[in-house]
Structure formats: structure tokens, C-alpha cells
> 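The structure under discussion is supplied below as C-alpha cells; questions concerning it will follow.
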Amino acid sequence: MERLTAEFFERSSVVDCARGLIGAKFLWHGCEARIVETEAYAAEGDEACHTFFRPGARAFVASHPAGTAYVYLNYGVHWLFNVLVHGPHGSGFVLFRALEPLAGIERMMERRGRSMVRELCSGPGKLTRALGIDGAAHGCEFLNGESTGIVTGASKAVTSSFRIGISRAQDLPWRFHEEANIHVSR
DNA sequence: TACGTGATTACC
DNA sequence: GTAATCACGTAA
């Protein structure tokens with residue numbers, strides 16, 4: 001078990017980072033959860049990535065180091081959590097789509113208002129709510145924080161599939177999840 | 001299956 | 001100023 005550093009998000013492509021994070025442990029202010037579902041968004045050549053239609057996202061990519069949190073509000077309701085990648089052949093984001101709660105579960109239940117563990121983090125908007133992540137985390141270099149970061153973990157059988165909830169570039173198999181894990185999004 | 005919700009953006 | 005678009009969750 002080792003802490004991931006920014007170097008992890010510099011040495012591989014955004015797609016490999018997304019796949020490689022499955023099974024790792026996400027630490028956030030007293031809560032711990034295994035990453036069981038991610039998606040990759042490439043800053044160049046991916047029409048579903050924010051950089052394709054948002055100048056502000058392009059500016060963010062250009063002005064922050066690898067490993068920075070990119071957090072934004074979606075549909076006016078849900079905060080979504082991404083990690084910035086600066087790979088050898090391009091930049092991008094890894095979206096956290098689902099987690100398997102390990103510690104701090106009581107706190108997650110409080111924030112979610114649900115008591116079933118598999119309802120806590122089984123979606124990108126759910127997991128930010130469960131962990132108390134909001135716009136304050138945007139731009140944060142959380143990897144080496146006092147109480148935030150990512151720790152390597154056993155990667156089990158990882159399946160790739162198409163990304164969810166997007167209208168463009170639907171043909172890229174850039175969603176990754178652990179097989180047969182009940183905590184992935186529905 | 002319908003719909004609330006608000007930031008960002010492009011275009012007047 | 002306006003309108004369109006959205007990497008979603010919930011109840012039903």
C-alpha cells in the first residue's frame with residue numbers, strides 16, 4: 001500500500017489512469033472508499049470532454065498540475081469529482097463514478113440520508129454528497145493532503161464499457177469498473 | 001419516465 | 001440581457 005503521487009497522473013494516458021485507479025483507495029477527511037468505477041475524458045480530440053466546449057476548462061488544464069481536483073456542479077444539483085491528468089501524450093480528466101465505502105460509513109449515511117451501504121456512493125453525484133465534496137474542493141491538490149489522498153490497492157477484474165450520460169463521443173469505451181461489484185452505478 | 005436545478009457559454 | 005446545454009438522482 002503506497003500513496004499515489006502526482007507522478008501517477010503524469011506517466012500514463014488518461015485512459016490508463018482511469019483503468020489503473022480501479023481498486024485504489026480514496027481518502028477524504030476521515031472517510032475511506034475503494035474506487036470501483038471511473039471514466040476517462042481526454043482534453044484533446046474528445047467531444048464529450050469539457051475542454052471541447054468550455055474555455056474555462058481549457059484554462060484550468062493549462063494552469064494546474066497533474067493530480068489537481070476538478071470539481072463542478074452538474075444539472076444545478078450534483079457535484080462531480082475529477083482528477084486532472086497530464087499524460088505523456090495529452091491531458092484529460094478521470095471522473096470518479098462509484099466507490100465502495102470502507103470507513104466513515106456512519107458519516108456518509110448522515111450526509112446521504114440513506115442507510116443502505118450500496119446506495120451511498122453508487123453514482124458520481126452520490127459519492128460527492130456522501131463524502132462532503134463540493135465546489136470548495138475545486139482546484140485542490142489533494143494527493144498529499146493531511147487527510148486526503150489516494151492509496152494503491154488490489155486491482156481485480158476490470159471491465160471496460162461505454163461512458164454513461166453523454167450525448168457525444170459515445171463510441172469510446174472509456175468507462176471502467178470492477179466486475180460484479182454491487183457498488184457500481186446502475 | 002419525467003423533471004428540478006444552476007453554472008457556464010454563445011449569441012444577441 | 002436571452003436561451004441552450006448539461007459526465008445526475010429521485011420518486012413514481
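Every value quoted in this text rests on a predicted model; they were computed, and no experiment measured them. Proteins come first, then strands; the chains are lettered A, B, ... in the order of their sequence lines, and each starts at number 1.
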> Starting from P on B:dG6, measure out to CG on A:Leu80 and report it in whole angstrom.
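Between P of B:dG6 and CG of A:Leu80: 16 Å.
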> Once you round it to whole Å, what is the distance between P of C:dC6 and OH of A:Tyr70?
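Nearest whole value for this atom pair: 14 Å.
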> Nearest whole angstrom, please: distance from the P of C:dT10 to the CD of A:Glu119.
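Rounded to whole Å, this separation is 7 Å.
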> For C:dA11, does OP1 or OP2 lie under 4.0 Å from any side-chain N or O of A:Arg114?
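Yes, within the criterion.
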> Check the distance between C:dC8's P and A:Lys126's NZ and give it to me in whole angstrom.
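Interatomic distance, NZ of A:Lys126 to P of C:dC8: 12 Å.
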> Using whole Å, report how far CD of A:Glu47 lies from P of C:dC6.
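Between P of C:dC6 and CD of A:Glu47: 11 Å.
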> Measure from the ring centre of A:Tyr75 to the centre of the six-membered ring in the base of B:dG4, then say whether that distance is under 5.5 Å and the planes meet at under 30°.
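Taking the rule of under 5.5 Å and under 30°, the ring of A:Tyr75 does not stack on B:dG4.
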> Is A:Asn74 side chain donor-acceptor paired with the B:dA7 base, going by distance under 3.5 Å alone?
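No.
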> Take atom NE2 of A:His50 and atom P of C:dC6, then tell me their distance rounded to the nearest Å.
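Rounded to whole Å, this separation is 10 Å.
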> Under a 4.0 Å threshold between the charged nitrogen and the carboxylate oxygen, would A:Glu179 count as salt-bridged to A:Lys156?
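Looking at A:Lys156 and A:Glu179, the cut-off is not met.
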> Is the distance from OP1 or OP2 of C:dC6 to the nearest side-chain N or O of A:Ser167 less than 4.0 Å?
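So the side chain of A:Ser167 is within the cut-off, an N or O lying under 4.0 Å from OP1 or OP2 of C:dC6.
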> Can you give me the closest heavy-atom contact between A:Leu143 and A:Leu4, atom names plus distance?
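Closest approach of A:Leu143 to A:Leu4, heavy atoms only: CB-O, 4.0 Å.
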> Toward the 5' end of DNA chain C, which comes first, A:Ile166 or A:Arg112, by nearest nucleotide?
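Result of the comparison: A:Ile166.
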> Would you mind reading off the distance between A:Arg163 atom CZ and C:dC6 atom C1', rounded to a whole angstrom?
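Rounding to the nearest Å, CZ of A:Arg163 and C1' of C:dC6 are 14 Å apart.
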> By the definition salt bridge (charged side-chain N to carboxylate O under 4.0 Å, His left out), identify the one residue from A:Arg163, A:Arg97, A:Arg19 that meets it with A:Glu39.
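Answer to the salt bridge (charged side-chain N to carboxylate O under 4.0 Å, His left out) test with A:Glu39 among A:Arg163, A:Arg97, A:Arg19: A:Arg97.
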> Respond yes when some side-chain nitrogen or oxygen of A:Arg168 is under 4.0 Å from OP1 or OP2 of C:dA7, and no when none is.
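No, A:Arg168 has no side-chain N/O under 4.0 Å of OP1/OP2 on C:dA7.
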> Answer with base, sugar-phosphate or nothing: what part of the nucleic acid does A:Arg129 contact at a heavy-atom distance below 4.0 Å?
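No contact at all - A:Arg129 keeps every heavy atom at 4.0 Å or more from the nucleic acid.
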> Can you tell me the pairing partner of B:dT1 across any strand shown, Watson-Crick or G-U wobble, with both distances under 3.5 angstrom?
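By the stated definition (distances under 3.5 Å), C:dA11 pairs with B:dT1.
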> Counting only Watson-Crick or G-U wobble pairs whose two distances fall under 3.5 Å, which nucleotide matches B:dA7?
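Across all strands, the one nucleotide that pairs with B:dA7 is C:dT5.
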> Of A:Phe60, A:Phe81, A:Trp79, which is the lone residue that meets ring pair (Phe, Tyr, Trp, His ring centres under 6.0 Å) with A:His138?
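One option only clears the test, and that one is A:Phe60.
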> What is the distance from CZ of A:Arg54 to P of B:dT9, rounded to the nearest Å?
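Result: 5 Å.
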> Please check if any side-chain donor atom of A:His50 sits under 3.5 Å from a side-chain acceptor atom of A:Tyr70, or the reverse.
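Yes, because at least one side-chain N or O of A:His50 sits under 3.5 Å from a partner of the opposite role on A:Tyr70.
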